[in-house]
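Since the model is a prediction, treat every value here as computed from it, not as a measurement.
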Amino acid sequence: MMKFLQNLGKSIMLPVAVLPVAAILVGIANWIIGINDDKPNVVTSFLQTAGLAVLSNMALLFAVGVSIGMARKSDGTSALAGLVSWLVVTSLLAPTSVMTLLGRGYTTSIAEEGATITEGQKLVMENGHLAIQTPDVNEAFAPGAFQNAFIGILCGIIGALCYNRFKDVKLPDALSFFSGRRSVAIVTAGVSLIVALILLFIWPLVYSGLVWFGEHIVDLGAVGTGLYGFFNRLLIPFGLHHALNSVFWFDVAGINDLNNFLSGEGTFGVTGQYMTGFFPIMMFGLPGAALAMYTTAKTTRKKIAYGILLSGAVSSFFVGVTEPLEFAFMFLAPFLFVIHAVFMGISMAICQLLPVRMGFGFSGGFVDLVLNWKNPMAENPWIIIVLGIGWFFVYFLVFRWVILKFQLKTPGREDDEPVDADDEGGVSAGFIGTAAKFIDALGGKANILELDNCATRLRMEIDDTGKVDDSALKRAGAAGTMKPGGHSVQVIYGLNVQFVKDAMEKIMSGEVDPTAVEAAVEAVDEAEAAVAEAEAEEGAAHDGSTAVLTKPAAKVITLQRPLQGYAVDLSEVPDKTFSSGMMGPGAAVVPTSGEVVAPADATVVTVFPTGHAIGLRLEDGTEVLIHVGLDTVKLKGDGFEPLVKAGDTVSAGQPILNVDLAKIQAAGFATVTPVVVMNDKSATVELT
């Protein structure tokens with residue numbers, strides 16, 4: 001059931017993705033009307049008509065979109081099945097059809113001035129007066145009441161299920177023309193007939209229940225809106241927030257907040273109340289959280305955290321797509337995500353209480369805010385910016401305090417091995433390189449049973465989830481990994497997830513050889529490096545000279561790691577004294593153990609009084625400095641226990657210093673340990 005609901009949530013994103021088109025058209029039209037003294041013209045009428053054409057048929061788009069998304073390897077046949085189901089169900093549940101099926105008649109009422117005629121109604125003369133005859137049926141079958149997102153989703157599910165079940169069916173030779181995919185639409189029509197008959201009696205009850213739910217949320221006022229915002233965020237890990245959104249944003253329970261706002265046909269001061277509170281959090285709050293996580297990241301991992309958090313913050317601010325950022329800390333620090341959900345609920349409640357209303361066509365980002373600024377339903381949109389600035393500081397201060405107080409493992413604070421700076425997502429090999437690394441991290445081609453994607457994540461069925469390497473996926477560029485249960489695995493990547501999924505499919509089908517792509521990239525890189533070197537040598541030579549001075553080959557010094565941990569380039573050390581090479585060439589270690597050993601056979605030249613650094617002279621005369629941590633001289637020896645003194649002879653691997661890494665970290669200093677050659681600027685240091 002959970003897998004089904006997650007697939008449904010993903011499928012709903014397909015028709016929802018059409019909304020930005022309508023929002024842009026209607027938004028531009030409203031903007032032009034706003035700067036033209038609220039007077040429409042030909043251009044605005046054209047744009048509004050085009051935009052409203054999409055908004056008015058959202059339920060139909062749901063039927064088609066869900067049928068495509070829920071189908072396995074759809075070729076378009078499932079979309080036709082979803083459309084057939086929609087036409088059958090909505091035709092049978094039309095007011096006049098229901099009236100005939102239930103043996104009902106018409107009710108007559110005097111036509112008032114300005115009255116409009118809807119589907120199923122008739123204009124007649126009665127006793128010399130114009131009157132409107134309306135089918136005597138339950139309000140659940142009134143025009144628009146049953147042609148909503150719920151029915152659209154149901155028809156899409158019917159189309160997809162019929163496609164999955166009957167697309168490969170083989171009929172007897174006499175009926176072979178209707179075998180396979182040709183049978184899908186026929187079966188769908190039959191199933192939809194049965195469903196329509198069931199809905200004829202059940203839909204009034206379902207409709208009344210949904211209306212009751214919506215009305216009670218409305219009756220709760222700001223509290224109800226706050227609860228909606230809270231649960232909207234909590235459902236994101238399961239991909240079910242779209243189902244909750246449909247109750248309030250679309251015409252499932254008579255609220256229709258989103259469509260009413262975009263069409264400008266809602267109630268000023270009311271319409272938009274279920275969307276306004278998203279803007280301050282998505283545009284300002286979450287970027288504030290990203291900054292808090294960056295500032296609290298380990299110094300050796302800030303560069304990696306920067307890439308993940310910046311892209312997530314930009315996506316959240318501009319587009320309102322929050323999943324890349326939310327999934328970056330959702331499972332690393334669940335407590336923070338609950339706080340985020342609470343803040344979302346508070347923001348929704350506050351915005352309902354204040355005289356501010358705003359809506360969106362896609363999500364609560366900068367683009368939708370600008371496009372809808374002049375919407376007739378927009379009320380004091382500038383308040384959103386004021387609230388947003390406040391939420392930025394609230395998120396930053398609260399997230400930073402909670403992270404440091406409880407030592408939460410947010411991005412950049414994990415205990416797993418750091419990412420190699422040269423291996424950040426396989427960027428050099430493009431999406432093919434990323435896809436190849438994802439496949440390997442997921443246990444290989446054979447371990448991936450099903451592969452799909454939604455707006456920001458890969459959704460897969462994995463044969464053996466135990467083979468999934470979360471750390472490898474992160475090194476390849478994933479923002480996070482989740483395992484909802486069973487064989488389901490989801491990898492959060494970002495807005496370019498479609499290209500990664502396509503690349504994975506090409507690799508898995510044998511259409512693309514990732515090793516050939518990477519080899520080609522490496523060859524280009526090597527060729528460019530060779531050309532650059534040749535040009536440098538040519539520039540160094542004097543014109544007309546017959547000889548060119550060349551430098552001797554750089555000396556390679558191979559040393560044992562003085563501490564257990566991860567080796568990193570010296571340039572990655574967050575201290576210019578070391579990273580710039582000012583003190584000499586070298587490397588560094590991010591330690592996992594506090595025992596410092598001699599990196600080679602040597603003589604101890606000096607032991608600093610504070611014990612945080614030791615100088616050695618190797619047998620070939622090379623002088624090496626081991627500097628434990630950065631700025632640790634300020635500890636004045638606390639946490640350091642030297643085991644040798646100047647003049648001692650030591651062997652490779654011999655302990656020379658004990659360090660309390662916990663004390664260094666508690667004092668707020670980095671533990672990264674540079675190993676520097678002091679007397680040979682041309683040397684290259686390799687740690688084994």
**Verdict with supporting geometry, Val597 and Gln560, side-chain contact (heavy atoms from CB on, under 4.5 Å)** = CA-CA 9 Å; Val597 301; Gln560 177 181 333; 3.8 Å; yes

**Prompt:** Which is it for Leu258 and Phe360 under the side-chain contact (heavy atoms from CB on, under 4.5 Å) test, yes or no, and what are the steps along the way?
**Reply:** CA-CA 7 Å; Leu258 190 150; Phe360 45 72; 4.2 Å; yes

**Request:** Start with the C-alpha distance between Leu563 and Glu595, add both sets of side-chain angles, then the distance that settles side-chain contact (heavy atoms from CB on, under 4.5 Å), and finish with yes or no.
**Result:** CA-CA 6 Å; Leu563 300 95; Glu595 183 182 68; over 6 Å; no

**Request:** May I have the step-by-step check of side-chain contact (heavy atoms from CB on, under 4.5 Å) for Gln490 and Leu458, ending in yes or no?
**Result:** CA-CA 5 Å; Gln490 298 180 7; Leu458 294 170; over 6 Å; no

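With ring centers used as reference points, Phe329 lies under 6.0 Å from Phe399.
The side-chain hydrogen bond (donor to acceptor under 3.5 Å, both in side chains) test applied to Lys302 returns no partner, not counting sequence neighbours. In terms of the salt bridge (charged side-chain N to carboxylate O under 4.0 Å, His left out) criterion, Asp469 has no residue partners (sequence neighbours excluded). Remark: Thr632 engages no residue in a side-chain hydrogen bond (donor to acceptor under 3.5 Å, both in side chains) (not counting sequence neighbours). Residues satisfying the salt bridge (charged side-chain N to carboxylate O under 4.0 Å, His left out) test with Lys467, not counting sequence neighbours, are none. Residues passing the ring-ring contact (aromatic ring centres under 6.0 Å, His included) test with Phe393: none are found, sequence neighbours excluded. Partners of Gln407 under the side-chain hydrogen bond (donor to acceptor under 3.5 Å, both in side chains) rule, at least two apart in sequence or in another chain, are Arg413. Remark: Pro674 pairs with Leu570, Val573, Phe578, His627, Leu630, Val676 by the side chain to side chain contact (heavy atoms under 4.5 Å, CB included) rule, at least two apart or across chains. For the ring-ring contact (aromatic ring centres under 6.0 Å, His included) test, no residue two or more places apart in sequence or in another chain qualifies with Phe640. Under the side chain to side chain contact (heavy atoms under 4.5 Å, CB included) criterion, Val270 pairs with Thr267, Gln273, sequence neighbours left out. Scanning for side-chain hydrogen bond (donor to acceptor under 3.5 Å, both in side chains) contacts around Asp440 gives an empty result, with sequence neighbours left out.
For residues 391-400, the set of pairs meeting the side-chain hydrogen bond (donor to acceptor under 3.5 Å, both in side chains) definition, not counting sequence neighbours, comprises Thr295-Arg400, His340-Tyr395.
When side chains are defined from C-beta on, Leu387 does not count as touching Ser347, because their heavy atoms never get closer than 4.5 Å. Val589 is not listed as a side-chain neighbour of Val568, based on a closest heavy-atom distance of 4.5 Å or more. The shortest distance between side-chain heavy atoms of Met344 and Phe230 does not fall below 4.5 Å.
Here the closest heavy-atom approach between residue Pro562 and residue Ile626 is recorded as CB-CD1, 4.0 Å. Minimum heavy-atom separation, Glu326 to Phe337: CB-CE1, 4.0 Å. Scanning all heavy atoms of the two residues, the minimum distance from Gly221 to Gln352 falls at C-NE2, 3.2 Å.
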Using distance only, find each side-chain donor-acceptor pair of residues 277-291 under 3.5 Å and give its atom names and separation, not counting sequence neighbours.
none

